[in-house]
K.L.:
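Once you've had a glance at the structure underneath, I'll fire off some questions.
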Amino acid sequence: MREVYGTIRKLGATSKYKGYYFVAEAIHMTMEFQERPMKITKDIYPRLAKKFKSKPSNIEHDIRTIVNVCWENHRERLEQIAGYPLEFRPTNSEFVDMIAFYLGNEKNYNSSTDRLL
């Protein structure tokens, strides 16, 4: 989870935003359940709402705020994580998926290079 928080911070989001914790949990869930597709509106928002005693609509809004902050402050870094140029601000699900994929691949890459050394 530390990697998730570190990556979000590098994109300019901090714990002063409520969505900081929501997006970190959403990324963590996505990484944890990679073997099956998760729908952000049907799977992730309701689980987060229950965990944080909130409403799915509030979770969605707060995650969108984090995406906006990251997009406005560190677009270049976000494009590096995505691996391609971004024409438009990513949706919440695209943002979560991008970071989960990036962290999952980075972890796999680092462990495979460790084995080679």
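From a predicted model like this one, the values you see are computed outputs, not experimental measurements.
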K.L.:
How long is the span from the CD atom in Glu60 to the OG atom in Ser93, to the nearest 0.5 Å?
P.N.:
10.0 Å
K.L.:
For Phe52 together with Phe22, are the ring centres under 6.0 Å from each other?
P.N.:
yes
K.L.:
Quick one: closest heavy-atom pair of Pro90 and Trp71, and the distance?
P.N.:
CD-CE3, 3.6 Å
K.L.:
Taking side chain to side chain contact (heavy atoms under 4.5 Å, CB included) as the criterion, tell me which of Asp97, Leu48, Val96 meets it with Ile40.
P.N.:
Val96
K.L.:
Any side-chain heavy atom of Asn92 sitting closer than 4.5 Å to one from Tyr45?
P.N.:
yes
K.L.:
Transitively linked via ILVMFWY side-chain contacts under 4.5 Å: Tyr84 with Ile81?
P.N.:
yes
K.L.:
Report yes if some heavy atom in the side chain of His61 is under 4.5 Å from a heavy atom in the side chain of Lys18; otherwise report no.
P.N.:
no
K.L.:
Measure the spacing between NE2 of His74 and CD of Gln80 and express it to the nearest 0.5 Å.
P.N.:
11.5 Å
K.L.:
Quick check: do Ile8 and Ile27 have side-chain heavy atoms less than 4.5 Å from each other?
P.N.:
yes
K.L.:
Would you check if the side chain of Arg77 reaches a backbone N or O of Gly12 as a donor-acceptor pair within less than 3.5 Å?
P.N.:
no
K.L.:
With clusters defined by side-chain heavy atoms of hydrophobic residues (ILVMFWY) lying less than 4.5 Å apart, directly or transitively, does Met1 cluster with Ile66?
P.N.:
yes
K.L.:
Kindly give the heavy-atom pair with the smallest separation between Ile59 and Ser54, and that separation in Å.
P.N.:
CD1-CB, 4.1 Å
K.L.:
Is there side-chain contact between Met29 and Lys51, with heavy atoms separated by less than 4.5 Å?
P.N.:
no
K.L.:
Taking atom OG1 of Thr30 and atom CE of Met38, what is their separation to the nearest 0.5 Å?
P.N.:
6.0 Å
K.L.:
Closest heavy-atom contact between Met31 and Leu103?
P.N.:
CE-CB, 3.7 Å
K.L.:
Just so I know, are the side chains of Leu78 and Phe95 near enough to count as touching, which here means a heavy-atom distance under 4.5 Å?
P.N.:
yes
K.L.:
First locate atom CD of Glu76, then atom CG of Leu11, and finally report the distance between them rounded to the nearest 0.5 Å.
P.N.:
11.0 Å
K.L.:
Closest heavy-atom contact between Ser15 and Arg9?
P.N.:
OG-NH2, 3.7 Å
K.L.:
If every non-hydrogen atom of Ala13 is compared with every non-hydrogen atom of Cys70, which pair is closest and at what distance?
P.N.:
CB-SG, 4.1 Å
